[in-house]
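Before any comments, here is the structure.
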There are 2 protein chains.
Amino acid sequence: MPLNPVSRIRRFNRAVTTETGVLDQSFLGRGRPLGAARVLNAIGPAGRAVSDIRAFLDLDTGLLSRLLRSLEDEGLIDVAEDRKDKRRRFAVLTPEGHREYEAYEALSNDRAQALLDRHPHPEQLLAAMDLIASALGRDRIEIVEMDPDSPTAFHCLESYYAELATRLSAGYDPAKAARAGSEDMRPPRGQFLVALSDGLPSGCVGLKGTDKGYAEIKRLWVAPSARGLGLAKRLMSEVENHAREMGITTLRLDTNSALPEAAGLYQRLEWSEIDRFNDDPYPDLFFEKRV
Amino acid sequence: MPLNPVSRIRRFNRAVTTETGVLDQSFLGRGRPLGAARVLNAIGPAGRAVSDIRAFLDLDTGLLSRLLRSLEDEGLIDVAEDRKDKRRRFAVLTPEGHREYEAYEALSNDRAQALLDRHPHPEQLLAAMDLIASALGRDRIEIVEMDPDSPTAFHCLESYYAELATRLSAGYDPAKAARAGSEDMRPPRGQFLVALSDGLPSGCVGLKGTDKGYAEIKRLWVAPSARGLGLAKRLMSEVENHAREMGITTLRLDTNSALPEAAGLYQRLEWSEIDRFNDDPYPDLFFEKRV
DNA sequence: AAACTTACCTGACTAAAGTCAGGAAAAATA
DNA sequence: TATTTTTCCTGACTTTAGTCAGGTAAGTTT
């Protein structure tokens with residue numbers, strides 16, 4: 001008989017557990033227990049504060065202390081005291097530690113690459129993985145402020161434009177839309193927020209300062225793999241809070257009726273529909289909110 | 001910057017590892033080490049041969065022996081000797097063991113259900129999981145003979161008809177197609193094979209015996225989540241081998257030009273295109289192969 | 001300045017997992 | 001029938017992981 005949904009999830013779990021088990025085995029092949037390998041990995045090329053490693057790997061202070069000592073004895077890391085706070089210690093990789101770190105990276109990367117290479121539709125596989133990783137890590141999505149000209153922000157905006165182009169019947173050409181200068185979405189006039197789900201850019205929103213007595217919300221976008229997790233709502237509430245802190249009292253935004261989920265969201269968040277307030281060719285719906 | 005493919009896979013691995021770690025923690029909550037819980041799980045309601053458990057969990061004989069003993073001491077299992085081969089032993093759950101097994105099942109199932117419940121598009125999530133599980137478990141797909149009237153075979157056929165209906169421009173109505181009686185796809189006249197990827201029906205093919213001096217290949221189907229893994233080729237080669245063993249020398253099949261990947265496969269497998277040999281309304285391409 | 005908190009270390013444990021050698025009984029093979 | 005192989009057991013380990021109770025030095029708070 002066909003499998004029911006719960007069985008399908010458990011089949012997935014089995015497949016993935018087997019896969020990670022194999023990777024762990026290959027990690028053990030480097031002659032070091034998994035715990036030590038994990039610590040080496042957590043330190044990484046940039047080095048890391050010991051307290052940070054402890055929080056990240058959820059290790060007991062005694063256990064981590066000993067693992068660090070064993071890595072130090074192997075000549076893979078150096079642990080020195082932090083200059084600012086002499087209680088704290090900071091671990092960095094030695095050149096040899098760097099090589100060892102790269103070897104572990106290579107094991108993981110090769111396995112990932114092999115999986116990609118042998119799959120007929122790598123893009124489909126990756127999309128499926130993004131979807132699942134977002135679903136599992138929903139509460140671990142963090143929202144960070146970024147420069148609107150940073151590569152990550154740029155990636156979000158590209159994805160946003162690409163989506164508009166497919167969803168608006170008239171298509172979408174960013175060059176024809178009213179330009180929102182990066183300057184206006186950067187402190188002190190505005191803000192640009194990006195949602196990162198364990199490093200993957202999964203959404204964004206911009207707060208654009210104007211000289212017209214209100215600020216605008218621009219470029220709200222959520223990646224397909226992260227939809228339905230309430231991320232748009234989180235982004236909006238963050239940006240509204242920030243506007244409030246900046247002393248802004250009126251917010252406006254425009255959107256298009258071809259994006260019904262967006263309009264629905266604004267209504268749920270108690271935005272009021274208002275008349276057209278600009279002559280941008282793409283939007284046909286306009287909202288305002290007092291914060 | 002946007003993540004590259006390998007980073008996306010590794011992000012997925014991290015998310016999934018965290019998730020399974022949480023499940024393991026909840027397993028520990030039942031006051032038994034993970035090793036013992038895993039053995040209990042491997043035994044299952046139907047019981048299992050000890051050598052089988054050992055191979056499945058890849059455990060040392062001494063270790064497994066002790067884990068079995070501890071479960072026995074807890075009153076959860078009985079280990080008795082196999083009647084046919086007195087060296088071997090067979091483990092079964094006691095009534096109490098059954099309850100404990102179900103408790104572990106409930107933990108897993110509840111977690112799976114919670115994941116489903118909180119996801120906005122459960123069907124999408126499940127499809128993504130099927131895809132990944134198939135990609136990871138590609139060499140673990142097994143092909144088994146089944147009765148063409150069994151529920152699993154029925155599920156495959158339903159999926160096959162549904163797909164034909166969407167892909168053929170004229171649609172597809174199984175009632176109008178030439179009936180292949182189950183009798184003809186069952187030994188001794190024929191055969192029906194199903195591909196199971198860790199329990200999930202992922203493909204099928206039928207060998208239909210006729211009285212016309214040849215046998216027919218029917219209903220070759222591969223689930224979307226398992227495409228590109230070479231499964232169709234495996235199914236075809238199995239069924240051709242079986243036909244050869246049955247003393248059949250000529251095989252025929254029909255297909256439709258709206259399914260180009262099927263026709264391509266037959267050509268690669270050295271089938272020759274022949275003239276129409278039946279008056280079924282749906283096919284427009286006909287092949288033959290001597291085995 | 002005293003009291004508290006934080007970050008880290010050490011020593012002394014325990015539990016779990018895993019390895020290895022040897023051995024008995026049963027089955028398969030020569 | 002003799003030999004080899006398979007299946008499982010036991011005892012004696014080691015390694016890894018993890019816990020807990022001090023203890024010291026450096027910051028922070030009162």
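Chain identifiers are assigned alphabetically (A, B, ...) following the order of the sequence lines, protein sequences preceding nucleic acid strands; residue numbering begins at 1 within each chain.
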Mind calculating the distance between [atom1] ([X]) and [atom2] ([N]) to the nearest angstrom?
{"X": "A:D82", "N": "C:dC9", "atom1": "CG", "atom2": "P", "result": "13 Å"}
{"X": "A:R69", "N": "C:dC8", "atom1": "CZ", "atom2": "C1'", "result": "9 Å"}
{"X": "A:F90", "N": "C:dC8", "atom1": "CZ", "atom2": "P", "result": "11 Å"}
{"X": "B:R88", "N": "C:dA28", "atom1": "CZ", "atom2": "C1'", "result": "14 Å"}
{"X": "A:L57", "N": "C:dC8", "atom1": "CG", "atom2": "C1'", "result": "16 Å"}

Worksheet item: Considering residues at least two apart in sequence or located in another chain, which fulfil the salt bridge (charged side-chain N to carboxylate O under 4.0 Å, His left out) criterion with A:R99?
Response: none
Fill in: Flag, side chain of B:S202 to backbone of B:L200, donor-acceptor distance under 3.5 Å
yes
Worksheet item: Is it true that a side-chain atom of B:R189 and a backbone atom of B:G209 form a donor plus acceptor pair closer than 3.5 Å?
Response: yes
Worksheet item: For B:R88, what residues pass the side chain to side chain donor-acceptor pair (under 3.5 Å) criterion, not counting sequence neighbours?
Response: B:S51
Discussion item. Suppose we screen for ring pair (Phe, Tyr, Trp, His ring centres under 6.0 Å). Which residues come up paired with B:F90, at least two apart in sequence or across chains?
Written reply: none
Worksheet item: For A:N4 and A:S7, does a side-chain donor sit closer than 3.5 Å to a side-chain acceptor?
Response: yes
Output all residues satisfying side-chain contact (heavy atoms from CB on, under 4.5 Å) with [X], sequence neighbours left out; order by chain, then residue number.
{"X": "A:T94", "answer": "A:D78, A:E96"}
{"X": "B:S65", "answer": "B:R69"}
{"X": "B:E142", "answer": "B:V144, B:L196"}
{"X": "A:P122", "answer": "A:L116"}

Worksheet entry | Heavy-atom contact window of chain B on DNA chain D, given 5' to 3' at under 4.0 Å | D:dT6 to D:dA12
Discussion item. Within the 4.5 Å heavy-atom criterion, are B:Q113 and A:I9 side-chain neighbours or not?
Written reply: no
Worksheet item: Looking across every strand, which nucleic acid part, if any, lies under 4.0 Å from B:R66 by heavy atom: base, sugar-phosphate, or nothing?
Response: base
Worksheet item: What pairs meet the ring-ring contact (aromatic ring centres under 6.0 Å, His included) rule with one or both residues in residues 42-79 of chain B, with sequence neighbours excluded?
Response: none
Hey, what are the protein-to-nucleotides 21-26 of chain C N/O distances that come in under 3.5 Å?
residue: C:dA26; atom: O3'; partner: B:K86; partner atom: N; Å: 3.4

Item to complete: May I ask you to list the residues of residues 39-48 of chain A, by number, that have any heavy atom positioned under 4.0 Å from an atom of DNA chain D?
Response: none
Practice prompt. Identify whether the distance between the nearest side-chain nitrogen and carboxylate oxygen of A:R10 and B:E105 falls below 4.0 Å.
Written response: yes
Within the sub-3.5 Å range, which N or O atoms of nucleotides 13-17 of chain C have a protein N or O partner, and how far apart are they?
residue: C:dA17; atom: OP1; partner: B:G35; partner atom: N; Å: 3.3

